[in-house]
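Count residues from 1 along the sequence.
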Amino acid sequence: MMQHLIDEIRKFRDERNWGPHHNPKDLALSITLEAAELLENFQWKESQEAVDGNLEDIKDELADVIIYSLQLADRLDVDVNEIVRNKMEKNAVKYPVK
């Protein structure tokens, strides 16, 4: 399923000839910019208030972060499932259950 989503994103990008602009540095920058846009939905609000008032925008901005993240993984030729599982294993060691 993850690869199918990456393929759809790649197709969308390629149809618009955006590929040459999607190098690792610019994709990493875009993740940060979209994450900041996501955070704007929560600025000066309680968490639930932000969700109740901005859920559609929150979902759109979260999708942007995920799309750019998947594109970066694709550019770096890394398996998303593998790197997430590896990181979870590291986190389990770093933050053991007490």
Side-chain angles (χ1 to χ4, degrees):
M1 182 164 105
M2 183 73 66
Q3 189 57 51
H4 179 69
L5 187 57
I6 292 169
D7 291 343
E8 284 184 52
I9 294 166
R10 189 185 302 132
K11 181 178 185 280
F12 182 91
R13 178 201 66 204
D14 291 348
E15 288 174 342
R16 289 152 181 81
N17 198 31
W18 292 347
H21 308 289
H22 286 190
N23 59 72
K25 176 196 67 88
D26 288 332
L27 290 168
L29 285 168
S30 294
I31 292 167
T32 301
L33 295 171
E34 294 300 338
E37 290 180 17
L38 174 62
L39 281 171
E40 282 183 317
N41 288 286
F42 293 92
Q43 187 176 20
W44 312 121
K45 297 177 181 93
E46 295 294 325
S47 182
Q48 194 58 52
E49 175 190 3
V51 171
D52 290 343
N54 300 309
L55 184 58
E56 286 307 309
D57 194 48
I58 289 168
K59 291 188 313 187
D60 285 345
E61 298 305 337
L62 179 58
D64 286 338
V65 171
I66 294 167
I67 289 166
Y68 281 121
S69 296
L70 291 174
Q71 287 184 89
L72 180 56
D74 187 47
R75 273 291 178 194
L76 298 175
D77 195 29
V78 296
D79 181 304
V80 174
N81 292 311
E82 181 181 327
I83 65 173
V84 169
R85 284 188 182 103
N86 288 345
K87 182 60 177 176
M88 294 298 294
E89 288 174 11
K90 290 177 186 177
N91 286 345
V93 171
K94 188 174 181 179
Y95 306 106
V97 177
K98 295 180 183 186

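Comment: E82 does not engage R85 in a salt bridge, judged by the lack of any side-chain N to carboxylate O separation of less than 4.0 angstrom.
The two residues E61 and E37 make their nearest non-hydrogen contact at OE1-OE1, 2.9 Å. Residues S47 and F42 come closest through the heavy atom pair O-CE2, 4.1 Å. The two residues V65 and A35 make their nearest non-hydrogen contact at CG2-N, 3.6 Å.
Residue K59 holds its NZ atom at 12.0 Å from CD1 of I66, rounded to the nearest 0.5 Å. Atom CG of L27 and atom CD of E34 lie 11.5 Å apart (nearest 0.5 Å). Remark: D7 CG to H4 NE2 distance equals 7.5 Å, nearest 0.5 Å. The line from OH of Y68 to OG1 of T32 is 12.0 Å long, rounded to the nearest 0.5 Å. Atom CG of residue N23 and atom CG of residue L72 lie 9.5 Å apart, to the nearest 0.5 angstrom. A distance of 13.5 Å separates CZ in R75 from NZ in K25, rounded to the nearest 0.5 Å.
Considering only heavy atoms from C-beta on, D74 comes within 4.5 Å of R13 through its side chain. Between D26 and H21 there is no side-chain heavy-atom pair separated by less than 4.5 Å. Side-chain atoms of Q43 and L39, non-hydrogen and from C-beta on, never get closer than 4.5 Å to each other.
I31 and F12 are assigned to two separate hydrophobic clusters, defined by single-linkage of ILVMFWY side chains at heavy-atom distances under 4.5 Å. In the hydrophobic clustering of ILVMFWY residues, with side-chain heavy atoms under 4.5 Å counting as a link, I9 and W18 come out apart. I58 is not connected to L33 by any chain of hydrophobic side-chain contacts under 4.5 Å among Ile, Leu, Val, Met, Phe, Trp and Tyr, and they are in different clusters. Hydrophobic clustering (side-chain heavy atoms under 4.5 Å, transitive across Ile, Leu, Val, Met, Phe, Trp, Tyr) groups I6 together with V84. Residues M88 and L70 share a single hydrophobic cluster, defined by chaining ILVMFWY side chains whose heavy atoms lie under 4.5 Å apart.
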CA sep, side-chain torsions, deciding dist, call: E15, K11, salt bridge (Lys or Arg N to Asp or Glu O under 4.0 Å): CA-CA 6 Å; E15 288 174 342; K11 181 178 185 280; 2.6 Å; yes
Full working for side chain to side chain donor-acceptor pair (under 3.5 Å) between D57 and N54: CA-CA 5 Å; D57 194 48; N54 300 309; over 6 Å; no
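For E46, the CD atom counts as loosely surrounded, since its 6.0 Å shell holds 12 or fewer non-hydrogen atoms of other residues, nucleotides or ligands.
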